[in-house]
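Since we're looking at a predicted model, the values are computed, not measured. Chain letters run A, B, ... following the sequence lines, proteins first, then strands; residues in each count from 1.
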Protein chains: 2
Amino acid sequence: MATDRDSVLEAAVGVLSRRPTAHLDEIARAAGISRATLHRIFPGREALIREVGTLGLRRFAAALDTARIEEGDAQAALRRLVDAVVPDAALCAFLAGENQLYDDPGINDLWEVQDARVRALFLRGQQQGVFRIELSAGWLSEAFFDLVAGIGWAVQDGRLAPRDGAFSLAELFLGGALRRPDTP
Amino acid sequence: MATDRDSVLEAAVGVLSRRPTAHLDEIARAAGISRATLHRIFPGREALIREVGTLGLRRFAAALDTARIEEGDAQAALRRLVDAVVPDAALCAFLAGENQLYDDPGINDLWEVQDARVRALFLRGQQQGVFRIELSAGWLSEAFFDLVAGIGWAVQDGRLAPRDGAFSLAELFLGGALRRPDTP
DNA sequence: AGCAGATGAGACGTTGATGTCTCATTCTAT
DNA sequence: ATAGAATGAGACATCAACGTCTCATCTGCT
């Protein structure tokens, strides 16, 4: 049952995104299973971490697909991306915190592909005159991901209401913190 | 010699901000000393991590002081803060990644004080009509710190030139990613 | 040169998480 | 109801990092 595996991974994210060094006991308890069963599903800790990473990247890639970021106006595409990615913000928070994953070539490649897609979105937006050209597409892409992770942490720790996630992310990232005098 | 301690902590940050689970061997090698000497300076791993955390918070607090964030126009104060904090972005990146530190009450208290100062800055800016009121001061504060950490990671990994750090941070955070038609 | 202190290299025991095993219990399908 | 499979609980060995120790070497000072 793939659903079973994914539900365990889901629970693992909840623990690991906060404390990447959490013991397997803790993860198993969070998933509602015993440590023995956890080992039956995943050969070991390394495999579990890797699976969580690939799940996060699969979800992120699915969000890019759902948002159809390659189509239409760049700003509208980014707003669609925000809505699509915020539900998986916790997974992105895990990915952001687990730089160690970049040792795995498979995960690294998968990440590169998705990151390139987001960078292309910003580049396209800059060519369309929608996004600012003073900021590099690479930095926009990285900063966007940082803020998505920030949403994930804030929601998990109860500092931000889940309903406010998409709005807070889109408004801050697109419009910045400054009040615009011309748009009352 | 406090300078010696700090130089070791400095080196430790370089390693720990990327990989929080790095072995003491690795940290000692990065600092150019042996593991034995590392143990002579810091009683153990826990003490080392705690010292790195307090160093980061001291530097962050010093940046808030240097920028005089309690004085004058909120936007100008934030720009001063950006300039003051970017040189220590790597330390902030460590603080952001090491949520585990929040177990220590001393560090937790110190963090609360600084976070409250930043939140007060945003609240003041909102009252002055400088910052947008649709975004909560708490989220602005958290997002700002996330982006500072992002700067630290990007610079450390060579994805962003150190000279571009302050500009990229200030422009994105204050003005957002959207191009403003009215300010060519 | 000679001495005191500091450092590096390495050995050693301890500790805690991990991986594997067994066995009793529970769930499920027929 | 019963056989088979799956799960939980716990014991056990392994292993890697940690903390401590000793000793040789190096540095700095007189």
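Close approach of DNA chain C to chain B, defined as any atom under 4.0 Å from a non-hydrogen atom of the protein, starts and stops at dT7(C) to dA11(C).
Residues R40(B) and R40(A) each lie close to DNA chain D; by heavy-atom proximity, the contact nearer the 5' end of the strand is made by R40(A). Remark on DNA chain D: of its neighbouring residues A36(B) and R45(B), the 5'-side contact belongs to R45(B), judged by nearest-heavy-atom nucleotide.
Between D115(B) and R119(B), at least one side-chain N (NZ, or NE/NH1/NH2) sits under 4.0 Å from a carboxylate O, which counts as a salt bridge. A salt bridge does not link D65(A) to R58(A): none of the charged side-chain nitrogens sits closer than 4.0 Å to a carboxylate oxygen. The pair E70(A)-R124(A) does not meet the salt-bridge criterion, since no charged nitrogen lies less than 4.0 angstrom from a carboxylate oxygen. E10(A) and R59(A) are joined by a salt bridge, as a carboxylate oxygen and a charged side-chain nitrogen come within less than 4.0 angstrom of each other.
For the pair E46(A) CD and dA16(D) P, the interatomic distance rounds to 13 Å; values are reported in whole Å. Spacing between atom CG of L24(B) and atom C1' of dT20(D) amounts to 13 Å, rounded to whole angstrom units. Between the CD1 atom of I49(B) and the P atom of dG19(D) there is a distance of 11 Å, given to the nearest Å. The distance between atom NE2 of H39(A) and atom C1' of dT14(D), rounded to the nearest whole Å, is 13 Å.
When heavy atoms are screened at a 4.0 angstrom cut-off, H23(B) is found touching the sugar-phosphate backbone but no base atom.
Note on residues 9-60 of chain A: pairs passing ring-ring contact (aromatic ring centres under 6.0 Å, His included), not counting sequence neighbours, are F60(A)-F145(A).
Here the side chain of Q126(B) pairs a donor or acceptor atom with the backbone of L135(B) at under 3.5 angstrom.
Across residues 25-35 of chain A, R35(A) each have a non-hydrogen atom less than 4.0 Å from an atom of DNA chain C (numbered order).
Counting heavy atoms from C-beta on, the side chains of R180(A) and R180(B) come closer than 4.5 Å.
A tilted orientation is assigned to the rings of F122(B) and F173(B), their planes being inclined by 30° to 60°.
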